[in-house]
A.B. asks: 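I have a structure I would like to understand better, so I am pasting it below and will then ask my questions one at a time.
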Amino acid sequence: MAQAALAREIPEEATEVALQTRIKAGATLEDISEMTPRYRDVLVATMAIAADLEIMTLPLDFDAITFAPSINDRIAVASALQDEMGHAQVMFRMLEDFGFDSYHQVFERDPKNFKTFFLLEFGNLSPIDVGLGHLVGDQAGYITTRDLEENCSFGPYSRSLRKVNFEENFHVKRGEYMIRHYMQQGPEMRKRVQERMDFWFPLGAEWFGATDDVKSRTDQLHYKIRGSSNDQLRQIWLQRLVPFCEQVGLKVPAHFDREKGIYVLDYQMPILLNLETLKWDFRTVTWPEKLAQWKKGGPLKLPGLTRMQVELWGQDLW
């Protein structure tokens with residue numbers, strides 16, 4: 001029924017239905033000429049968001065380099081950041097095939113128009129945040145791009161993510177190593193890690209977007225650009241993160257529901273973050289309220305992207 005409804009909405013019905021049939025049969029596309037306008041729009045929007053997310057890690061992790069506790073930590077942060085910029089380069093290069101000007105997209109576009117996620121819009125305050133960023137944030141990103149690599153019907157994009165995912169998984173492992181290390185440093189350090197996890201965990205749960213019962217745009221799944229829904233990806237994230245937290249002694253607002261056989265949050269999404277106190281209010285709000293907070297963005301987004309474009313290094317470097 002959904003396929004029939006989609007076909008009625010498009011002008012070139014036969015071409016669209018033929019494409020949908022090919023994709024449903026497991027075919028992959030290798031060239032832009034094989035795409036319908038609607039497929040192309042959905043794919044480009046997916047790749048453009050992914051590219052913006054990679055770029056946002058530059059202002060996010062810059063301070064982490066300066067306060068790294070040792071030269072080895074500084075090298076590790078710089079290495080991870082180099083990975084992320086490599087991922088951005090790959091994605092913006094692919095967007096050039098669809099008519100995008102990469103230089104404009106990165107250095108001349110209004111920072112307000114970058115499509116970044118709330119999790120990336122708060123600066124790291126300490127090395128604990130760096131570890132949690134890898135554990136919570138890179139884990140969410142890895143699960144998202146791993147799904148794209150395994151399922152995306154555009155072959156070149158799927159293959160481009162193999163190296164990306166290898167490196168993202170390494171970032172997650174470093175986060176696990178760091179948090180496991182900090183949790184062994186005594187009660188005061190464990191308290192500090194717990195306080196920051198209280199901030200990070202809901203951000204990670206939000207990474208995957210609105211819950212399936214309210215999500216209306218499903219073209220990514222329809223065209224097999226991705227293979228799993230928001231809730232399915234969130235469940236994988238919970239399956240990986242919650243047992244680790246329980247193992248190291250971190251409390252998170254989620255548990256395994258034996259009756260349902262899945263991990264569930266101890267609160268109902270969506271919830272709001274108080275941007276003044278940076279404390280979560282776990283009372284459920286409406287999705288329009290949550291979307292308004294996402295649209296407003298966190299404190300790092302606009303100054304961070306502006307700094308990335310002009311302030312710190314100056315125009316001449318580029």
Side-chain angles (χ1 to χ4, degrees), residues 1-57 82-109 113-117 141-169 208-209 215-230 232-233 236:
M1 180 178 294
Q3 180 168 326
L6 177 64
R8 285 196 297 272
E9 295 172 9
I10 58 174
E12 299 183 9
E13 181 177 332
T15 303
E16 184 66 34
V17 171
L19 175 67
Q20 295 171 23
T21 302
R22 283 187 64 201
I23 293 173
K24 189 175 181 180
T28 57
L29 310 187
E30 297 295 331
D31 190 82
I32 297 174
S33 63
E34 300 177 83
M35 302 176 186
T36 61
R38 186 165 178 174
Y39 177 97
R40 173 181 167 141
D41 289 345
V42 175
L43 175 67
V44 167
T46 301
M47 294 195 299
I49 292 174
D52 282 356
L53 294 177
E54 300 287 359
I55 282 291
M56 189 64 209
T57 60
Q82 183 176 342
D83 291 342
E84 304 291 7
M85 293 306 98
H87 305 168
Q89 195 277 335
V90 169
M91 295 177 191
F92 278 111
R93 168 62 191 86
M94 294 196 70
L95 286 169
E96 289 180 352
D97 292 339
F98 292 84
F100 281 68
D101 181 334
S102 292
Y103 187 89
H104 170 75
Q105 290 296 312
V106 176
F107 298 110
E108 298 178 338
R109 187 168 35 137
N113 295 330
F114 280 69
K115 296 185 182 303
T116 60
F117 287 180
Y142 169 71
I143 290 167
T144 303
T145 52
R146 182 65 185 273
D147 179 83
L148 289 166
E149 178 193 341
E150 293 178 345
N151 297 288
C152 186
S153 54
F154 183 47
Y157 187 46
S158 170
R159 292 190 291 274
S160 76
L161 294 174
R162 291 175 186 169
K163 180 176 182 293
V164 171
N165 286 328
F166 177 84
E167 292 169 346
E168 291 292 356
N169 195 38
F208 305 97
K215 185 173 175 59
S216 58
R217 299 170 63 183
T218 58
D219 280 352
Q220 286 180 320
L221 294 173
H222 190 82
Y223 285 123
K224 289 192 175 182
I225 289 173
R226 44 187 276 200
S228 302
S229 69
N230 289 2
Q232 288 170 329
L233 293 174
I236 297 170

A.B. asks: Mind checking salt bridge (charged side-chain N to carboxylate O under 4.0 Å, His left out) for E108 and listing every partner two or more places apart, or none if nothing turns up?
C.D. replies: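 Salt bridge (charged side-chain N to carboxylate O under 4.0 Å, His left out) check on E108 returns nothing, list empty.
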
A.B. asks: How many angstroms lie between atom NZ of K24 and atom NE2 of H222, to the nearest 0.5 angstrom?
C.D. replies: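 Rounded to the nearest 0.5 Å, the NZ-NE2 separation comes to 8.5 Å.
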
A.B. asks: Calculate, to the nearest 0.5 Å, the distance between atoms CE and OG1 belonging to M85 and T57 respectively.
C.D. replies: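 Interatomic distance, M85 CE to T57 OG1, rounded to 0.5 Å: 3.5 Å.
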
A.B. asks: If I compare all heavy atoms of E30 with all of T28, which pair ends up nearest, and what's the gap?
C.D. replies: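 Smallest interatomic distance, heavy atoms only, reads OE2-OG1, 3.4 Å.
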
A.B. asks: Can you tell if the side chain of F98 reaches within under 4.5 Å of the side chain of M35, non-hydrogen atoms only?
C.D. replies: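 F98 vs M35: side chains touch.
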
A.B. asks: So does F166 have more than 12 non-hydrogen atoms from other groups sitting under 6.0 Å from CZ?
C.D. replies: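 Incorrect, the count does not exceed 12.
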
A.B. asks: What pair of heavy atoms forms the shortest contact from A48 to L95, and how long is it?
C.D. replies: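 Minimum heavy-atom separation between A48 and L95: CA-CD1, 3.8 Å.
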
A.B. asks: For E150, look at atom CD and say whether over 12 heavy atoms of other residues, nucleotides or ligands are found less than 6.0 Å away.
C.D. replies: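 Buried by this count: over 12 neighbours within 6.0 Å.
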
A.B. asks: Using a 4.5 Å cut-off on heavy atoms from C-beta on, say whether the side chain of E149 contacts that of C152.
C.D. replies: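 A side-chain contact under 4.5 Å is absent here.
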
A.B. asks: Calculate, to the nearest 0.5 Å, the distance between atoms OG1 and CG belonging to T145 and L53 respectively.
C.D. replies: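 Between atom OG1 of T145 and atom CG of L53 there are 10.5 Å.
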
A.B. asks: Do T36 side-chain atoms and E16 backbone N/O form a donor-acceptor pair below 3.5 Å?
C.D. replies: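 No; judged by distance alone, with no hydrogens or angles, the pair does not exist.
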
A.B. asks: Measuring from atom CD of Q82 to atom CD of Q89, what distance do you get when rounded to the nearest 0.5 angstrom?
C.D. replies: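 Q82 CD to Q89 CD: 12.0 Å, rounded to 0.5 Å.
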
A.B. asks: Walk me through it: do Y157 and M47 pass the test side chain to side chain contact (heavy atoms under 4.5 Å, CB included)?
C.D. replies: CA-CA 8 Å; Y157 187 46; M47 294 195 299; 3.6 Å; yes

A.B. asks: Report yes or no: does D83 contribute a side-chain atom to a donor-acceptor pair with the main-chain N or O of E168 at less than 3.5 Å?
C.D. replies: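 No; judged by distance alone, with no hydrogens or angles, the pair does not exist.
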
A.B. asks: For V42, does its backbone N or O pair with a side-chain atom of D219 as donor and acceptor, under 3.5 Å?
C.D. replies: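 Not at all, since once roles are kept as given, no pair shorter than 3.5 Å links the two residues.
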
A.B. asks: Side chains of R38 and Y223, heavy atoms from C-beta outward: is any pair under 4.5 Å?
C.D. replies: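 In contact.
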
A.B. asks: Look only at the side chain of S102 and the backbone of F92, and say whether a donor-acceptor pair between them is shorter than 3.5 Å.
C.D. replies: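 Flag set: sc S102 to bb F92 pair under 3.5 Å.
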
A.B. asks: Measure the CG-CD1 distance between D147 and I143 for me, rounded to the nearest 0.5 Å.
C.D. replies: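 Rounded to the nearest 0.5 Å, the CG-CD1 separation comes to 10.0 Å.
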
A.B. asks: Which heavy-atom pair separates L233 from F208 by the least distance, and what is that distance?
C.D. replies: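 Nearest pair, atom of L233 first, then F208: CB-CD2, 3.5 Å.
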
A.B. asks: Give a yes or no answer on whether the side chain of D52 reaches the backbone of T116 with a donor-acceptor pair at less than 3.5 Å.
C.D. replies: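 Looks like no, no N/O pair under 3.5 Å.
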
A.B. asks: Counting N and O atoms only, with roles assigned by atom type, does the side chain of S158 sit under 3.5 Å from a partner on the main chain of F154, one being a donor and the other an acceptor?
C.D. replies: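 Absent.
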
A.B. asks: Going from CZ on R146 to CG on L161, what distance comes out if it is rounded to the nearest 0.5 angstrom?
C.D. replies: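 Interatomic distance, R146 CZ to L161 CG, rounded to 0.5 Å: 11.0 Å.
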
A.B. asks: With respect to Q220, which candidate in N151, L43, T46 satisfies the side chain to side chain contact (heavy atoms under 4.5 Å, CB included) definition?
C.D. replies: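 Answer to the side chain to side chain contact (heavy atoms under 4.5 Å, CB included) test with Q220 among N151, L43, T46: T46.
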
A.B. asks: Go through the structure and list residues passing side chain to side chain contact (heavy atoms under 4.5 Å, CB included) with D41, not counting sequence neighbours.
C.D. replies: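 Testing D41 for side chain to side chain contact (heavy atoms under 4.5 Å, CB included), a comparison that skips the adjacent residues, returns none.
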
A.B. asks: Which atom names give the shortest non-hydrogen contact between E54 and A88, and what distance separates them?
C.D. replies: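 Nearest heavy atoms, E54 then A88: CB-CB, 3.6 Å.
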
A.B. asks: Report the C-alpha distance between L29 and R22 in whole Å, list the side-chain angles of each, state the deciding distance to 0.1 Å, and finish with yes or no for side chain to side chain contact (heavy atoms under 4.5 Å, CB included).
C.D. replies: CA-CA 9 Å; L29 310 187; R22 283 187 64 201; 3.7 Å; yes

